[in-house]
Amino acid sequence: MLQIEGLSAGYGKRVILRDIDLTVEQGEVVCVLGANGVGKSTLLRTLAGLITPLQGEQRFKGQSVSGHSAHRRVRDGLAFVPEGQQSFPAMTVMENLQIGASLRDNLEEGLESTFALFPRLEERQGQYAGTLSGGERQMLAIARALLTNPDLLMLDEPSHGLAPIVVEQLAENIAAVAERTAILLVEQNLTIPTRCATRVVVLEDSTITMGGDPDEILQSEHVISAYLGI
């Protein structure tokens, strides 16, 4: 689904990522762990086409997307949900969803599957997004991205700022989303990868240093002490 080879990226002269090699297969949920500031968000923003890489190759569904703009990548089937439960607060839930569904031919079909996954949004469809709870706004952000009908969904710290009980529900939602699309996410809350990740990789010193089965990686003393502060 996604293949990255020798990817380096940063801001100006500051290099944040060096020689990143990473793959995401169809049906996988790959979680990128790492301390604050190591470049997890930079990785997703580069893959979304928001940052121009310094070098490296990005292939999506077997085709190079290295020179593709952000909006073309969405059309290619690559969706990105930034950190922060982002929505258009002065628009209703339905209006937010319709923006995501603008690429679809069948809006009703997309909304039906979305509301099946997030029934709370159906209840709140006439409510302004700015009045939703943090968990509801995160559901809305993910639902809007899913309505672009992606083959790969990228999530940046989806649990950030949410109460533990809401994170539990979000983990279940992400697991359900994984039944229809591959997922690449960055996260620091262990609840998310523990519940739904099929593979975990660790970003350290600007590159990926570990990767493998979630149980093995998440129980590593090195990971627990260096990246999770425990």
Side-chain angles (χ1 to χ4, degrees), residues 1-4 22-34 40-41 43-45 47-48 58-62 65 73-74 76-86 97 100-101 103-104 109-122 135-160 162 164-203 208 210-219:
M1 185 65 68
L2 178 70
Q3 184 177 16
I4 309 163
L22 179 66
T23 60
V24 180
E25 301 291 346
Q26 187 171 357
E28 276 197 307
V29 179
V30 178
C31 181
V32 181
L33 292 180
K40 301 187 302 296
S41 294
L43 174 61
L44 294 193
R45 289 175 62 82
L47 296 177
Q58 305 167 66
R59 301 182 69 82
F60 183 55
K61 295 188 293 187
V65 294
R73 295 186 193 212
V74 175
D76 290 336
L78 187 60
F80 175 46
V81 179
E83 180 184 349
Q85 306 140 32
Q86 296 188 24
L97 294 175
L103 297 179
R104 301 183 71 103
E109 180 181 345
L111 288 175
E112 182 178 352
S113 62
T114 297
F115 289 148
L117 185 62
F118 300 106
R120 183 67 61 85
L121 296 181
E122 184 173 19
E136 291 168 341
R137 288 197 302 272
Q138 187 64 70
M139 293 178 191
L140 177 58
I142 295 174
R144 189 175 60 230
L146 286 175
L147 280 168
T148 67
N149 200 26
D151 296 299
L152 176 63
L153 177 66
M154 300 190 297
L155 304 174
D156 189 359
E157 298 277 5
S159 72
H160 179 74
L162 301 182
I165 190 171
V166 179
V167 174
E168 293 275 352
Q169 178 61 54
L170 181 62
E172 294 180 9
N173 291 143
I174 293 174
V177 170
E179 296 179 3
R180 65 174 74 173
T181 181
I183 296 176
L184 175 63
L185 65 96
V186 302
E187 188 54 86
Q188 286 194 306
N189 190 312
L190 283 181
T191 301
I192 302 293
T194 299
R195 292 290 183 86
C196 60
T198 59
R199 183 157 51 93
V200 172
V201 298
V202 176
L203 190 59
I208 292 175
M210 300 176 64
D213 180 81
D215 290 338
E216 178 182 347
I217 299 298
L218 296 176
Q219 292 177 17

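The residues of the chain are indexed from 1 along the displayed sequence.
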side-chain contact (heavy atoms from CB on, under 4.5 Å) evaluation trace for V201 with M210: CA-CA 6 Å; V201 298; M210 300 176 64; over 6 Å; no
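- In this structure, L2 CG and E25 CD are separated by 9.5 Å, a value rounded to the nearest 0.5 Å.
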side-chain contact (heavy atoms from CB on, under 4.5 Å) evaluation trace for F80 with V74: CA-CA 8 Å; F80 175 46; V74 175; over 6 Å; no
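- In terms of heavy atoms, I192 sits closest to E187 at CG1-OE1, 3.6 Å.
- A donor-acceptor pair is defined here as one N or O able to donate and one able to accept, closer than 3.5 Å; such a pair exists between the side chain of K61 and the backbone of D76.
- Taking CG of L162 as the reference point, atom CD of Q138 lies at 6.0 Å (rounded to 0.5 Å).
- Remark: E172 CD to L170 CG distance equals 10.0 Å, nearest 0.5 Å.
- If you take CE on M1 and CG on L184, they are separated by 12.0 Å, rounding to the nearest 0.5 Å.
- Taken from CD in Q86 to CG in L140, the straight-line distance is 11.5 Å, to the nearest 0.5 Å.
- A pairwise comparison of heavy atoms in F115 and L97 identifies CE2-CD1, 3.8 Å as the closest pair.
- For the pair K40 (side chain) and L203 (backbone), a donor-acceptor distance under 3.5 Å is absent.
- Looking at L155 and I174, their side chains come closer than 4.5 Å, going by heavy atoms from C-beta outward.
- A79 and P150 get closest at one heavy-atom pair: CB-CB, 3.7 Å.
- By the side-chain hydrogen bond (donor to acceptor under 3.5 Å, both in side chains) test, R45 is found to be paired with no residue, residues two or more places apart in sequence or in another chain being considered.
- A heavy-atom distance below 4.5 Å is not found between the side chains of S113 and L117.
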Steps toward side-chain hydrogen bond (donor to acceptor under 3.5 Å, both in side chains) verdict (Q58, R73): CA-CA 11 Å; Q58 305 167 66; R73 295 186 193 212; 2.9 Å; yes
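- Residues L47 and I4 have side chains in contact (heavy-atom distance under 4.5 Å, counting atoms from C-beta outward).
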Derivation of the side-chain contact (heavy atoms from CB on, under 4.5 Å) call for D151 and L78: CA-CA 6 Å; D151 296 299; L78 187 60; over 6 Å; no
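- Between V81 and A145, the shortest heavy-atom distance links the atoms CG2-CB, 3.5 Å.
- At least one side-chain heavy atom of C31 sits less than 4.5 Å from a side-chain heavy atom of L33.
- D213 is not listed as a side-chain neighbour of T198, based on a closest heavy-atom distance of 4.5 Å or more.
- Remark: M154 CE to L43 CG distance equals 8.0 Å, nearest 0.5 Å.
- Residues I165 and Q169 form no side-chain contact, since every pair of their non-hydrogen atoms from C-beta on lies 4.5 Å or further apart.
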Steps toward side-chain contact (heavy atoms from CB on, under 4.5 Å) verdict (L153, I142): CA-CA 9 Å; L153 177 66; I142 295 174; 4.2 Å; yes
Steps toward side-chain hydrogen bond (donor to acceptor under 3.5 Å, both in side chains) verdict (E168, T191): CA-CA 7 Å; E168 293 275 352; T191 301; 4.6 Å; no
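- Closest non-hydrogen pair, V29 versus C196, comes out as CB-O, 3.3 Å.
- Considering only heavy atoms from C-beta on, I183 stays 4.5 Å or farther from V24 through its side chain.
- Looking at every heavy atom in both residues, F60 comes nearest to V65 through CB-CG1, 3.9 Å.
- Contact annotation: the side chain of L111 approaches that of L147 to within less than 4.5 Å [non-hydrogen atoms, C-beta and beyond].
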